[in-house]
Each structure stands twice: as structure tokens, then as C-alpha cells.
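First up is the structure itself, then whatever we jot down about it.
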Amino acid sequence: MQQPEYPDPEALQRALDELAALPPLVTSWEIVALKEHFAQAAAGRCFVLQGGDCAERFADCNSRRIANQLKVLIQMSLVLVQGTQKPVVRVGRFAGQYAKPRSADFEEVNGQRLPAYRGDLVNRPEPSPEARTPDPSLLLRGYERAALTLNFIRALVKGGFADLHHPEYWDLDWTRHSPQADEYHRMLRSITESLRFMENILGTSAAGSDRIDFYTSHEALMLPYEQAQTRRVPHRPGWFNLSTHFPWVGIRTASPEGAHIEYLRGISNPVGVKIGPGLSTDEILRIAERLNPANEPGRLALIHRYGAARIAAELPPVIEAMRREGRAVLWICDPMHGNTRRTLNGYKTRSFDDIESELSQAIDIHPQCGSILGGMHIELTGENVTECTGGARGLCEADLGRAYESEVDPRLNYEQALELALLVARRWRTNGR
Ligand code: PEP
Ligand code: CO
């Protein structure tokens with residue numbers, strides 16, 4: 001499902017052969033380490049923060065945007081460390097999030113029937129037949145952009161960008177004016193003071209406090225792209241998708257008997273599946289059985305996205321069924337994709353209150369059902385966009401036109417993302433576990 005029709009299959013094969021011969025983007029050591037973190041998160045010993053753009057654009061592969069994305073994720077994660085009192089594992093939706101599922105294969109623009117835009121990995125958004133024709137060379141351009149992104153992230157991290165002793169490195173200019181600035185800076189001070197206290201007691205610097213690791217993830221939608229980067233490695237059994245640490249399958253391609261689940265079944269990475277309305281409990285059980293027959297801890301994340309109005313009724317039976325069958329699952333809440341709607345003037349948007357409500361309900365529902373919420377999955381950007389309504393600045397529908405950039409789903413802007421982390425941290429202190 002959701003695969004484009006390439007007009008020239010031989011050109012596609014040439015691109016895939018080239019892709020298959022290029023070096024991997026990540027290593028099996030890192031993948032195995034993330035799986036171990038996921039096992040810890042499933043057991044309630046750490047928390048996963050997964051976030052980034054709905055779709056990365058090739059044109060946005062520049063230093064400012066990448067650094068801003070990291071800054072928001074670091075800031076949110078520190079707030080969550082404070083709130084949950086657990087280590088936080090950071091997983092970006094980046095370095096490969098270039099392909100999008102679409103509800104229709106074609107769309108009508110100015111009376112012309114055109115193939116849908118499926119993300120920069122496949123075609124281009126301009127409404128012309130040339131731009132919309134799937135182009136296999138974009139698979140290579142995507143791999144290169146992913147490599148450039150990852151190279152910059154690794155260099156920043158290694159160079160001390162994420163050093164907890166230097167929060168000023170990842171302060172964003174407009175943090176100062178944000179309605180949440182005071183609360184954020186109070187939390188940050190408490191973290192740096194605790195760190196100094198620890199270091200004074202130990203007489204040495206706390207191991208690892210000078211670097212924060214990032215893992216990568218993307219939707220494993222374009223199967224030829226994923227398959228060309230699926231390899232064996234020396235000294236470890238099995239196959240690894242070496243284009244990312246954590247591939248997930250979206251809800252539109254999550255059919256238990258479909259090709260995408262079959263692909264995930266064959267690899268050793270930790271894998272995710274989006275679940276929500278439209279997938280029955282029975283189908284979710286079949287997915288879990290297929291993807292993790294040995295019940296390996298950390299192997300399977302179910303990323304639930306029911307929407308604020310439905311989570312209370314629809315999530316508990318799924319949790320109950322997994323428990324009854326003894327299925328090991330890392331539960332991650334995606335409060336974005338069940339809450340998308342269109343405004344009268346045509347913008348796709350989400351309300352901050354719905355997002356916050358779904359996440360708060362998830363924090364309460366899991367302990368009530370005897371399960372553990374191990375992470376959250378957010379669409380956000382470090383830019384000052386106006387795509388989601390609400391938040392402390394009270395963005396309303398009339399504001400959306402001001403800085404709406406997304407070609408696909410609406411993202412939380414920097415302030416809204418930080419505000420969400422602060423609300424989660426507060427709620428976790430009273431209701432989470
Ligand atoms: C997404 O994560 O951007 C997405 C398309 O999600 P879902 O599969 O949950 O609709
Ligand atoms: Co999205």
C-alpha cells in the first residue's frame with residue numbers, strides 16, 4: 001500500500017542498486033542500545049521523547065533548522081526529566097522522514113488530475129505533471145540529506161552542544177519572551193544546581209553530562225528505500241535497517257497481513273506501529289504476535305493515536321487484551337494524529353487543548369489499566385510557525401495564515417512544544433508513574 005508508480009522501473013532499480021552499495025547511516029550497536037532503552041522505558045525506568053517534523057523537506061536541510069530542532073527536543077527532554085524523575089531517551093523524527101502516506105493517489109488542481117505529492121523522497125509538491133512524477137533519483141537525494149543531517153547532529157553532540165553545564169548553547173532567541181520562560185529557567189537552574197552538587201560530592205564530573213544522545217526514526221513507508229538499506233552485519237544474527245534506529249509503520253499501512261508489517265517482521269531493529277481508530281483489538285494482537293513472537297523486551301512500540309475524544313473508550317480494551325495475552329509492549333502516546341481537523345478557510349490544524357487532553361488522559365489511563373506509558377510522540381518544530389491553535393499565546397484560526405509552512409500535518413511551534421512538556425511534567429508529578 002501507498003507505493004508510488006515509477007514510470008521507468010529500470011531507473012528505479014539503478015537508483016536502488018546504488019543506494020544498496022552506499023555505507024549505512026547508523027550502526028547495529030546503536031540500534032541494540034536503543035532497543036535496550038526501549039526495554040527500560042517499557043518497564044517504567046526511563047521515558048522516550050520522540051519528536052520532529054511531520055515531513056522533513058530537502059530544502060530545510062540547513063544548520064539553523066537542524067540546530068533549532070535539537071534545541072527544542074533538548075529543552076523538552078529536560079523538563080520531562082524533572083517531571084517524570086526518569087532519564088529521557090531522545091528520538092528525532094529526522095534524517096529520513098521524507099515520505100508521506102496520502103489519503104488519495106490523485107488530486108485535482110485547477111482542473112488537472114495530478115499524482116498526489118508523497119514527500120520529497122518521491123516527488124515534488126508543485127502542481128505540475130513533471131513535478132509530481134515519481135523520480136527515483138530522489139531516493140538518493142533523500143539518503144544524502146539524511147546523511148548530512150545526521151553528520152551535523154553527531155558533530156554537534158560530540159562537540160559539546162548538548163553539554164548540561166552550558167544550557168546557553170541551546171537557548172533559543174525567543175525563549176526569553178515566551179510565557180513559559182520563567183518556569184523553564186527555574187527548572188533548568190534546579191537541574192544545573194543538582195548537577196554541580198553531584199559533581200562536588202563525587203569530586204569528578206558526572207559521566208555523560210557533557211553529551212546528550214539522539215536517536216533517529218522515520219516512517220518506514222517507501223519499502224524499496226528501506227529494503228536497499230537493510231543489511232546483515234558481522235557478529236550479529238539477523239537483518240538490520242541501517243537507515244534509522246527506529247522505523248515505524250503508520251496507521252494507513254499497519255494491516256497485519258500487509259507488506260509493511262511483513263517488512264518489519266524481518267528486521268532486528270526496535271519497531272513501532274501506529275494504532276488508533278480503524279484497527280481492531282484483534283488486528284493489534286495479530287500485529288504484536290507477528291512482530292514480536294518471542295516477546296523480546298524493547299522490540300515493539302505501539303504508538304497510540306486515538307484522539308482526545310476517543311482514547312478513554314478505545315485504548316483500555318487494547319491494553320487489557322495485550323495484558324491478557326502477556327504481550328511485552330512499549331506504549332507511546334501520539335496526541336497529534338487523532339486530533340487533526342480542517343478550518344473553514346482550509347488549513348489543517350490541531351488544537352493545543354486537544355493535544356494536551358489526549359496526553360493527560362494517557363498519563364491517567366495507563367496506571368489505571370496496570371500498564372506503563374513509556375513515551376510521547378510529537379510533531380514539532382523549532383521555528384515560530386502558526387500551525388496549531390491555542391497554547392499560552394492563544395493562537396486562533398485567524399492567526400494560522402501568518403506563518404503556516406507545513407505541506408502536510410500542523411506542528412507545535414517552539415513555545416507550544418515547551419508548554420506541552422511543562423504541562424506533562426506537572427501532571428506526571430501528581431498522576432504518572
Ligand atoms: C505521521 O506520523 O505523520 C502519520 C502519518 O501518522 P499516522 O500514521 O498515525 O496517521
Ligand atoms: Co504527521
Just do the salt bridge (charged side-chain N to carboxylate O under 4.0 Å, His left out) check on Arg141 and Asp120 with the steps written out, would you? CA-CA 9 Å; Arg141 301 295 84 77; Asp120 284 2; over 6 Å; no
Have His165 and Glu199 got a donor and an acceptor in their side chains that come within less than 3.5 Å? yes
Would Leu420 and Leu359 count as a side chain to side chain contact (heavy atoms under 4.5 Å, CB included) here? Give the steps. CA-CA 9 Å; Leu420 188 68; Leu359 201 46; 4.0 Å; yes
Could you verify whether a donor N or O on one side chain and an acceptor N or O on the other, from Gln40 and Glu36, lie under 3.5 Å apart? yes
Is the shortest distance from a Lys or Arg side-chain nitrogen in Asp282 or Arg286 to a carboxylate oxygen in the other one below 4.0 Å? yes
One thing to verify: whether Arg426 and Glu183 come together as a salt bridge, which I'm taking to mean a side-chain N less than 4.0 angstrom from a carboxylate O. yes
Between the CD atom in Gln416 and the CZ atom in Arg393, the distance rounded to the nearest 0.5 Å is 10.0 Å
In short, Asp53 meets Gln69 closest at the heavy-atom pair OD2-NE2, 3.3 Å
If the test is salt bridge (charged side-chain N to carboxylate O under 4.0 Å, His left out), which one of Lys348, Arg341, Arg342 qualifies with Asp409? Lys348
If I take atom CD1 from residue Ile303 and atom CH2 from residue Trp331, how far apart are they, to the nearest 0.5 angstrom? 12.0 Å
Mark yes when over 12 heavy atoms from residues, nucleotides or ligands other than Glu107 sit less than 6.0 Å from its CD; otherwise mark no. yes
Nearest non-hydrogen partners of Leu291 and Ile261, listed with the distance: CD2-O, 3.5 Å
With ring centroids as reference points, do Tyr263 and His260 lie under 6.0 angstrom apart? no
Between Thr389 and Glu397, a side-chain donor and acceptor under 3.5 Å: no
Angle between ring planes, Phe246 versus Trp248, binned at 30° and 60°: parallel, tilted or perpendicular? tilted
Residue pair Glu262, Arg265: steps toward the salt bridge (charged side-chain N to carboxylate O under 4.0 Å, His left out) verdict: CA-CA 5 Å; Glu262 176 62 12; Arg265 195 168 75 81; 2.9 Å; yes
Might you point out which heavy atoms bring Lys100 and Val408 nearest each other, and give the distance in Å? CG-CG1, 3.9 Å
Grab the two heavy atoms, one from Thr386 and one from Tyr404, that are nearest each other, plus how far apart they are. O-CD1, 3.5 Å
Nearest 0.5 angstrom please: Glu257 CD to Glu283 CD, how far? 8.0 Å
Minimal heavy-atom distance between Asn295 and Gly326, with the atoms involved, is ND2-O, 2.6 Å
Among His377, His218, Glu219, which one satisfies side-chain hydrogen bond (donor to acceptor under 3.5 Å, both in side chains) with Arg93? His377
Yes or no on side-chain hydrogen bond (donor to acceptor under 3.5 Å, both in side chains) for Asn269 and Asn241, after CA distance, side-chain angles and deciding distance? CA-CA 7 Å; Asn269 302 56; Asn241 180 333; 5.2 Å; no
Which heavy atom of Thr133 sits nearest a heavy atom of Asn123, and at what distance? O-CB, 3.9 Å
Presence of salt bridge, Glu126 and Arg132, under 4.0 angstrom: no
Just how far is it from atom CD1 of Ile311 to atom CD1 of Ile365, taken to the nearest 0.5 Å? 4.0 Å
Would you compute the distance between atom SG of Cys333 and atom NE2 of His304 and round it to the nearest 0.5 angstrom? 5.0 Å
Salt bridge (charged side-chain N to carboxylate O under 4.0 Å, His left out) partner of Arg411, chosen from Glu56, Glu379, Glu387: Glu387
Could you check whether the rings of Phe58 and Tyr98 sit parallel, tilted or perpendicular, using 30° and 60° as the cut-offs? perpendicular
So among Met322, Arg327, Glu289, which one has a side-chain contact (heavy atoms from CB on, under 4.5 Å) with Ile284? Met322
Would the number of heavy atoms belonging to other residues, nucleotides or ligands and lying under 6.0 Å from CD of Glu5 be above 12? no
Verify, without hydrogens or angle tests, whether Gln82 (side chain) and Leu80 (backbone) share a donor-acceptor contact under 3.5 angstrom. no
Are any non-hydrogen side-chain atoms of Leu70 and Trp170 less than 4.5 angstrom apart? no
Could you walk me through whether Glu358 and Arg305 pass the salt bridge (charged side-chain N to carboxylate O under 4.0 Å, His left out) test, one step at a time? CA-CA 9 Å; Glu358 181 164 0; Arg305 28 87 83 224; over 6 Å; no
For the atom pair CZ (Arg102) and CG (Leu221), what is the distance rounded to the nearest 0.5 Å? 11.0 Å
Tell me if the CG atom of Asn200 is crowded by more than 12 foreign heavy atoms within 6.0 Å. yes
Answer yes or no: are there more than 12 heavy-atom neighbours, outside Met198 itself, under 6.0 Å from its atom CE? no
I want to check something: taking the side chain as every heavy atom from C-beta on, are Ser360 and Leu423 in contact at a cut-off of under 4.5 Å? no
